[in-house]
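I have placed the structure first, in the form of structure tokens, so that the comments after it can refer back to it.
For reference, positions follow the sequence shown, starting with 1.
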Amino acid sequence: MKKFLTLPLAFLFCTSACLLSCGNKTSSSINPNGDSALALLMRDMHEDGLHTKQQLLNGGDIEVNVKYHELQTAEATEPEKVASQTYKSFATYYEATVQSLIESNDSNKAEAYQTMVDACMQCHEQVCPGPMRKIKRLYLSEAELASLDTK
Ligand code: HEC
């Protein structure tokens, strides 16, 4: 019985792990139990994004709590990836979009929020496509944007 369960379970584990990771399946240095500081920061950024989205939909003030400027220094699963100029440029751009979101006002905060999600997506497209499906869900939909317009 045990034998029959192991295979599908291993398969399930791999599909979810592979979807969430940056897709470097050959790297044996990744410890499945020891997530990098950057991976943990990214999860916080995702949670914070969901929270901001909800605040926007509720029509209240928005707050950004995540330590987003640690993006440039947090230790990554694959350090060579974040050492690249490409990563640094995207990180700087992302920080600027968070700054604009913090400074936005009622008339442009939804737009500033969408631009910030764009910045997540752009970096991920280049350096870490795995989580893009998850990040995409942070976008405000057309219907949600329309409902904000009438507020
Ligand atoms: C400058 C590039 C860059 C930006 C901007 C960026 N990411 Fe990431 N993201 C990465 C890299 C690189 C990793 C892999 C981290 C690791 O494994 O050490 C990652 C990992 C992730 C993960 C997977 C974490 C895990 O559980 O292993 C999620 C989810 C994520 N990012 C969401 C986001 C969200 C949401 C945003 C915007 C609010 C964002 N990212 C912005 C580069 C970026």
Side-chain angles (χ1 to χ4, degrees), residues 1-58 60-104 109-142 144-145 148:
M1 185 61 188
K2 233 178 171 181
K3 219 175 186 178
F4 293 110
L5 274 174
T6 333
L7 211 69
L9 277 182
F11 178 74
L12 262 181
F13 176 76
C14 181
T15 6
S16 51
C18 299
L19 272 178
L20 286 175
S21 79
C22 291
N24 188 349
K25 285 151 228 155
T26 53
S27 172
S28 54
S29 64
I30 298 179
N31 171 4
N33 302 315
D35 294 309
S36 70
L38 186 63
L40 296 176
L41 174 67
M42 288 289 164
R43 271 175 237 168
D44 279 354
M45 281 160 55
H46 183 256
E47 286 297 311
D48 204 60
L50 288 173
H51 184 61
T52 308
K53 180 178 176 178
Q54 203 48 55
Q55 286 176 324
L56 275 170
L57 291 172
N58 291 344
D61 286 340
I62 50 170
E63 50 183 31
V64 176
N65 296 316
V66 78
K67 298 180 187 134
Y68 60 92
H69 39 265
E70 287 179 8
L71 207 66
Q72 307 258 14
T73 49
E75 181 214 341
T77 310
E78 296 171 68
E80 66 281 4
K81 245 180 197 169
V82 302
S84 71
Q85 195 51 51
T86 314
Y87 178 88
K88 288 185 180 141
S89 312
F90 280 118
T92 306
Y93 174 61
Y94 165 75
E95 283 179 39
T97 64
V98 177
Q99 205 53 48
S100 308
L101 177 63
I102 292 170
E103 288 163 11
S104 65
K109 64 185 176 188
E111 198 187 329
Y113 172 79
Q114 299 286 77
T115 306
M116 183 203 73
V117 183
D118 280 340
C120 306
M121 291 294 276
Q122 283 165 17
C123 183
H124 274 268
E125 199 169 12
Q126 295 298 318
V127 306
C128 180
M132 283 174 73
R133 270 202 6 225
K134 182 172 174 181
I135 300 172
K136 230 183 212 161
R137 294 199 286 267
L138 284 178
Y139 280 119
L140 291 162
S141 67
E142 291 291 328
E144 284 167 338
L145 281 171
L148 285 179

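Shown here is E142, whose CD atom has no more than 12 heavy atoms of other residues, nucleotides or ligands within 6.0 Å. More than 12 heavy atoms of other residues, nucleotides or ligands lie within 6.0 Å of CD in E144, so this atom counts as buried by the packing criterion. Atom CG of D61 has 12 or fewer neighbouring heavy atoms from other residues, nucleotides or ligands inside a 6.0 Å radius.
D48 and Y68 are not linked by any side-chain donor-acceptor pair at a separation below 3.5 angstrom, with hydrogens and angles left out of the test. Side-chain polar atoms of Q99 and E95 form no donor-acceptor pair below 3.5 angstrom.
At least one side-chain heavy atom of P131 sits under 4.5 Å from a side-chain heavy atom of H124. Put simply, the side chain of L40 does not reach to within 4.5 Å of the side chain of D44, judged on heavy atoms. Side-chain contact between I62 and Y113 is absent, with no heavy-atom pair separated by less than 4.5 Å. Contact of the V117 side chain with the T97 side chain is not registered, since no non-hydrogen atoms from C-beta on lie closer than 4.5 Å. Contact check for L38 versus E70: no side-chain heavy atoms found under the 4.5 Å cut-off. Counting only heavy atoms from C-beta outward, the side chains of Y94 and Q122 never approach each other to under 4.5 Å.
Here the CG atom belonging to L50 is positioned 12.0 Å from the CE atom belonging to M45, to the nearest 0.5 angstrom. Interatomic distance, OG1 of T77 versus CE of M42, reported as 10.0 Å (0.5 Å rounding). Taken from CG in L145 to CD in E111, the straight-line distance is 9.5 Å, to the nearest 0.5 Å. Here the straight-line distance linking atom OG of S84 with atom CZ of F90 works out to 9.0 Å at 0.5 Å rounding. A distance of 11.0 Å separates OG in S100 from CE in M116, rounded to the nearest 0.5 Å. To the nearest 0.5 Å, atom CG of residue L138 and atom CG of residue D118 are 11.5 Å apart.
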One pair to check against side-chain contact (heavy atoms from CB on, under 4.5 Å): T52 and L101. What are the steps and the verdict?
CA-CA 10 Å; T52 308; L101 177 63; 4.2 Å; yes

Show, in sequence, the C-alpha distance, side-chain angles and deciding distance for T115 and Y93, and conclude whether the side-chain contact (heavy atoms from CB on, under 4.5 Å) test is met.
CA-CA 10 Å; T115 306; Y93 174 61; 3.7 Å; yes

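The pair R43-D35 meets the salt-bridge criterion, since a charged nitrogen lies less than 4.0 angstrom from a carboxylate oxygen.
The two residues S36 and E75 make their nearest non-hydrogen contact at CB-O, 3.3 Å.
Using modelled atom types, no side-chain atom of K81 and backbone atom of C128 make a donor-acceptor pair closer than 3.5 Å. Distance alone, capped at 3.5 Å, is enough to place a donor-acceptor pair between the K53 side chain and the Y139 backbone. A side-chain donor-acceptor contact under 3.5 Å links Q114 to the backbone of L140.
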